[in-house]
Number of protein chains: 2
Amino acid sequence: MYNPSLKQCHTSPQANCADCRLASICLPISLHIDDINKLDDIIQRGRPLNKTERAYYAGDKFRAVYALRSGSIKTVQVTPDGQEQVTGFYLPGEIIGMDGLAANHHTNSAIALETSAICEIPFSRLEELSAKIPNLQRRFFQLMSKEITQEQQLITLLGKNSADERIASLLLSISTRNHTRGLSAKEFYLPMSRSDMGNYLGLTIETVSRVLSRLHKQGIIALNKKHVNIEEMDTLKNTALVQMDA
Amino acid sequence: MYNPSLKQCHTSPQANCADCRLASICLPISLHIDDINKLDDIIQRGRPLNKTERAYYAGDKFRAVYALRSGSIKTVQVTPDGQEQVTGFYLPGEIIGMDGLAANHHTNSAIALETSAICEIPFSRLEELSAKIPNLQRRFFQLMSKEITQEQQLITLLGKNSADERIASLLLSISTRNHTRGLSAKEFYLPMSRSDMGNYLGLTIETVSRVLSRLHKQGIIALNKKHVNIEEMDTLKNTALVQMDA
DNA sequence: CGGCGCCTTGACTTGCATCAAAAGTAGTGG
DNA sequence: CCACTACTTTTGATGCAAGTCAAGGCGCCG
């Protein structure tokens, strides 16, 4: 069931962390209420991004990380020979921009897949605050570590798995992450194009389309453009072999 | 030129960070001398690992991260269906174990590829110290971010590049990392087996062997078992297209 | 010197890419 | 509201890079 309340979130830009429906999965996890308010003080909420607009560009000086409040975002790297590689898809409550820390400039661009709202968290302030709030420091270390382990799962997927397994894994990843957000694990929209899926999974657009059609014909998923309904969850999980988790 | 002094490093287990030849590329970068000594106080140096011994096992409770002092290490993930995926190769001065932070247990095993010495850095102490030394906190954030960006480069490599490009990229990665350590960029030993290389790059052992033979026949590299001499650096760089950096 | 891993090489197969074209969808302006 | 254009997706036919299967070589160690 597609939950339109998500769409509405970016219409209340003044919402603070303490009230935010996503607080339980976002940066503030495990913080005391007064620490949440301190965090809230440094967060900047701008106007929503329209589809194809960018939160930051590859090459931009690194100044902040961003929490996605609503919508969805892809991160994209440009290779030296000018090709684009999609490095991740992000859903509300997830943090983007941590790639910029190492070299002090972003190595990815973050592009909105639909109208999206983000909370900008200036990094220098976050650093100061982390030094004062041990749980926040710990939380941020954890978020980066989670990014690392997730990327390792993607590496495994790209290194070892067939086209069918890759697609099934991506569908299940989005399914479980939706579920974590109180949405349906069974029925959801894919915010990205076939081309983005293929790029992310190391497949051509034709292969993505063929695999999705096949899963549809086999009755494992119902598919209408970007709207997916997982009809046989167990079969899909068997196909995936590897569960990429949230 | 293979520099045997590297081999000797693990024979001086009492070395401290301030004296360590690797300090300029390891965790202590940009720390004041007294801060380095504080860091040094929490570091534990055990006996060297023999080949195939593990610094930690996947599933182990996360207690520490580890700086590699000498030798080389691979990190390996086990997929649900029992296959192994090599997720990284590590050289002296590099930090391993940051995968364990997110879930509070390691998701990889760290396996010595040859006799190797490591510095164990208990994480709870590192956290405390990071809160007191801003440069250390920053440095550790940077190391994790670097891990993220490097993995994204590997994802791109696996998603978009041919067998030749993957092998060339790995050779160049090891070359530049050796160079950073004051060793030759041109001539070096590959510490890992063909099987490890293939596993890491998403290729079969036969393909790795064929590509290396081809590079050899073309005169781009000289190859004797694990000993590599890059004869035509520019050609190799052209083959790689993408430079995976240190 | 014989057995066991690791690596190389060759012959054959196959999954996915490539090429091509048509159908579907969205956006724009008259 | 429809016509027109441009983009995305689907489907089909063909080709190729890398996988699989198989055999043999090399080095190491007891």
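Atoms considered below: every heavy atom in the structure, side chains included; atoms not considered: hydrogens, waters and symmetry mates. Residue numbers start from 1 in every chain, and the chains themselves are labelled A, B, ... in the order their sequence lines are given, proteins ahead of strands.
- Using bins of under 30°, 30° to 60° and over 60° for the plane-to-plane angle, the ring pair A:Tyr56/A:His106 lands in the parallel bin.
- For the residue pair A:Gln152/B:Asp99, the side-chain donor-acceptor check at 3.5 Å is not satisfied.
- For the pair B:Glu94 and B:Arg181, the salt-bridge criterion is met [side-chain N within less than 4.0 Å of a carboxylate O].
- Residue A:Gly198 is out of contact with every strand shown, counting any heavy-atom pair closer than 4.0 Å.
- Of the two residues contacting DNA chain C, namely A:Ser162 and B:Lys217, the nearest-nucleotide position lying further toward the 5' end is that of B:Lys217.
- As judged by a 4.0 angstrom heavy-atom cut-off over every strand, A:Ser209 is placed among the base-contacting residues.
- Contacts of A:Ser145 classified as side-chain contact (heavy atoms from CB on, under 4.5 Å), with partners at least two apart in sequence or in another chain: B:Leu101, B:Ala102, B:Met144.
- Side chain B:Arg210 to base C:dG10: a donor-acceptor pair is found below 3.5 Å.
- Separating the NZ atom of A:Lys51 from the C1' atom of C:dT25 is a distance of 11 Å, rounded to the nearest angstrom.
- When rounded to the nearest whole Å, the span between NZ of A:Lys226 and P of D:dT10 equals 10 Å.
- At distances below 3.5 Å, at least one donor-acceptor pair connects side-chain atoms of B:Ser213 with backbone N or O atoms of B:Ser209.
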ask   = What string of B, S and - do you get for nucleotides 22-30 of chain D 5' to 3' if you count protein non-hydrogen atoms under 4.0 Å?
value = ------S--
For nucleotides 22-24 of chain C, list the nitrogen or oxygen atoms of the protein found under 3.5 Å from its nitrogen or oxygen atoms, one pair per line.
none

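- Atom pair A:Arg194:CZ and C:dT25:C1' shows a separation of 12 Å (rounding to whole Å applied).
- In this structure, B:Arg214 atom CZ and C:dT9 atom C1' are separated by 13 Å, rounded to whole Å.
- Salt bridge status for A:Arg63 with A:Glu120: present, with a side-chain N to carboxylate O gap under 4.0 Å.
- Going from atom CD1 of B:Ile205 over to atom C1' of C:dC7 covers 6 Å, rounded to whole Å.
- Between A:Thr204 and the phosphate of C:dT18, there is no side-chain N or O to OP1/OP2 separation shorter than 4.0 Å.
- Residues A:Ser162 and A:Asp164 have side chains that never bring a donor and an acceptor to within less than 3.5 angstrom of each other.
- If you take CD of B:Glu165 and P of D:dA17, they are 12 Å apart, rounded to a whole angstrom.
- For A:Leu212 and D:dT10, the CG to C1' distance is 11 Å, given to the nearest whole Å.
- Among all heavy-atom pairs drawn from A:Phe188 and A:Leu171, the shortest one is CZ-O, 3.7 Å.
- A donor atom on one side chain and an acceptor atom on the other are found under 3.5 Å apart for B:Gln85 and A:Lys160.
- Using a 4.0 Å cut-off, some side-chain N or O of A:Thr207 falls inside it from OP1 or OP2 of C:dA17.
- As a whole-Å value, the separation of A:Leu201 CG from C:dC16 P is 12 Å.
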